[in-house]
Colleague: 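Dropping a structure here in structure tokens format, bear with me for questions.
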Amino acid sequence: MDFLLSLDNGILNAIQHLRCDFLDWFFPRFTILGNGGWFYILVAALLLCFPKTRRAGRNAALALIFCLLAGNLTLKPLIGRIRPYEANGFTQLLVPRLGDFSFPSGHTFGATAVAVSLLFYHKKAGIIACIFTALMAFSRLYLYVHYPSDVLGGILLGTAAAFLARYLLCRLYARKRQKKDA
């Protein structure tokens with residue numbers, strides 16, 4: 001565990017050498033899109049509005065519910081990992097201090113859940129969403145509010161949630177088709 005923490009801190013500290021006026025301005029504004037999951041919920045809702053994107057919207061919405069249950073309501077309080085700025089005495093925060101635990105990164109798992117859901121049904125939009133996700137994940141490191149392993153955990157959780165949602169939705173639609181054909 002000491003090795004992981006040492007690696008996490010080494011990466012975080014290396015990223016701090018990238019600090020510049022533009023990124024100090026950009027990332028605090030960009031990361032707001034992930035606060036409370038509102039942007040991801042909005043994207044899922046918009047996808048649900050159009051027949052062509054409805055399947056991706058259903059997948060994203062269900063994946064976000066799984067992320068909420070597994071991430072925010074289960075893993076964060078169960079693991080109780082304090083944020084890196086608290087553990088390391090980091091005082092150059094560009095965003096307000098956060099009131100919850102660090103693992104996994106909610107901003108990252110929400111973005112990943114939507115991106116992977118889009119990849120299933122709309123590859124080009126999914127690739128754009130993956131770029132958004134990478135920026136969101138990096139913003140959490142740049143802002144020193146998550147460890148790299150928190151972000152990796154968010155990516156894994158978001159991906160698993162999207163796959164689980166797809167699996168369950170495919171089974172549901174298969175059952176509906178069977179009933180319809182019977």
Side-chain angles (χ1 to χ4, degrees), residues 1 4 8 30-83 98-141 143 145-182:
M1 199 62 158
L4 176 62
D8 271 345
F30 179 77
T31 206
I32 288 171
L33 294 174
N35 290 357
W38 72 268
F39 183 74
Y40 313 130
I41 295 166
L42 177 64
V43 170
L46 287 173
L47 292 169
L48 287 167
C49 290
F50 303 100
K52 190 174 182 177
T53 59
R54 198 162 285 146
R55 285 175 44 178
R58 286 184 188 121
N59 205 102
L62 187 56
L64 288 171
I65 291 169
F66 292 151
C67 284
L68 171 69
L69 296 173
N72 287 62
L73 300 179
T74 304
L75 290 174
K76 278 188 184 255
L78 183 67
I79 294 170
R81 188 177 199 189
I82 65 170
R83 299 221 175 239
L98 302 168
D100 62 347
F101 294 113
S102 188
F103 183 88
S105 167
H107 283 64
T108 305
F109 66 59
T112 303
V114 172
V116 173
S117 295
L118 275 168
L119 277 172
F120 290 146
Y121 303 101
H122 305 282
K123 296 280 188 248
K124 289 180 184 175
I127 290 169
I128 293 167
C130 285
I131 293 167
F132 175 93
T133 298
L135 277 171
M136 184 59 71
F138 186 77
S139 78
R140 307 311 285 166
L141 302 175
L143 297 170
V145 295
H146 281 291
Y147 292 102
S149 56
D150 299 338
V151 167
L152 179 59
I155 291 168
L156 294 173
L157 177 61
T159 300
F163 272 93
L164 178 60
R166 184 172 190 206
Y167 172 77
L168 293 174
L169 289 170
C170 285
R171 291 211 40 182
L172 176 68
Y173 294 131
R175 281 191 181 173
K176 283 186 177 183
R177 274 185 297 237
Q178 285 177 345
K179 286 183 181 181
K180 188 177 181 182
D181 294 339

Colleague: Do the side chain of Thr53 and the main chain of Leu47 share a donor and acceptor less than 3.5 angstrom apart?
Modeller: yes

Colleague: If we check side chain to side chain contact (heavy atoms under 4.5 Å, CB included) with His146, which of these qualifies: Val151, Asp8, Leu98?
Modeller: Val151

Colleague: Going from CD1 on Ile41 to CD1 on Ile65, what distance comes out if it is rounded to the nearest 0.5 angstrom?
Modeller: 9.0 Å

Colleague: Pro104 and Leu75: which non-hydrogen atoms are nearest, and at how many Å?
Modeller: CD-CB, 3.8 Å

Colleague: What distance do Leu169 atom CG and Phe120 atom CZ have between them, rounded to the nearest 0.5 Å?
Modeller: 10.5 Å

Colleague: Shortest non-hydrogen contact from Asn72 to Lys76?
Modeller: O-CB, 3.9 Å

Colleague: Please name the residue in the list Leu119, Thr112, Leu164 that meets the side chain to side chain contact (heavy atoms under 4.5 Å, CB included) test with Thr159.
Modeller: Thr112

Colleague: Evaluate whether atom CZ of Arg55 has more than 12 neighbouring non-hydrogen atoms of other residues, nucleotides or ligands under 6.0 angstrom away.
Modeller: no

Colleague: With rounding to the nearest 0.5 Å, note down the distance linking OG1 in Thr108 to CG in Leu141.
Modeller: 7.5 Å

Colleague: In Å, rounded to the nearest 0.5 Å, how long is the span from CD1 of Ile32 to OG of Ser139?
Modeller: 10.5 Å

Colleague: If we only count heavy atoms from C-beta on, is the Phe101 to Ile79 side-chain gap below 4.5 Å?
Modeller: no

Colleague: Please walk me through it: do Arg140 and Asp150 pass salt bridge (charged side-chain N to carboxylate O under 4.0 Å, His left out)?
Modeller: CA-CA 9 Å; Arg140 307 311 285 166; Asp150 299 338; over 6 Å; no

Colleague: Could you check Asp100 against Arg83 for side chain to side chain contact (heavy atoms under 4.5 Å, CB included), going step by step and ending with a plain yes or no?
Modeller: CA-CA 8 Å; Asp100 62 347; Arg83 299 221 175 239; 2.4 Å; yes

Colleague: Above 12 or not: heavy atoms from other molecules or residues under 6.0 Å from OH of Tyr167?
Modeller: no

Colleague: Can you tell me if CZ on Phe132 sees more than 12 non-hydrogen neighbours from other groups inside 6.0 Å?
Modeller: yes

Colleague: Tell me whether Thr133 contacts the main-chain N or O of Ala111 through its side chain, where contact means a donor paired with an acceptor under 3.5 Å.
Modeller: yes

Colleague: Could you check whether any side-chain N or O of His107 sits under 3.5 Å from a backbone N or O of Met136, counting only pairs where one atom can act as donor and the other as acceptor?
Modeller: no

Colleague: For residues Phe109 and Gly71, report the shortest heavy-atom separation together with the two atoms involved.
Modeller: CE2-CA, 3.8 Å

Colleague: Is there a donor-acceptor pair under 3.5 Å between the side chain of Arg81 and the backbone N or O of Ser102?
Modeller: no

Colleague: For the residue pair Ser149 and Phe103, what are the closest heavy atoms and their distance?
Modeller: O-CE1, 3.4 Å

Colleague: First locate atom CG of Leu118, then atom CG of Asn59, and finally report the distance between them rounded to the nearest 0.5 Å.
Modeller: 9.0 Å

Colleague: To check you understand the geometry: which heavy-atom pair defines the closest contact between Ile82 and Tyr147, and what is its length?
Modeller: O-CE1, 3.5 Å

Colleague: Hey, could you give me the OG1/CG distance between Thr31 and Asn35, rounded to the nearest 0.5 Å?
Modeller: 6.0 Å

Colleague: Taking Ala56's backbone N and O only, do any of them form a donor-acceptor pair with Ser117's side chain (distance below 3.5 Å, no angle check)?
Modeller: no

Colleague: For Tyr121, does the six-membered ring have the charged nitrogen or CZ of Arg58 within the cation-pi criterion, i.e. under 6.0 angstrom from the centroid and within 45° of the normal?
Modeller: no

Colleague: Kindly give the heavy-atom pair with the smallest separation between Gly158 and Cys67, and that separation in Å.
Modeller: CA-SG, 3.9 Å

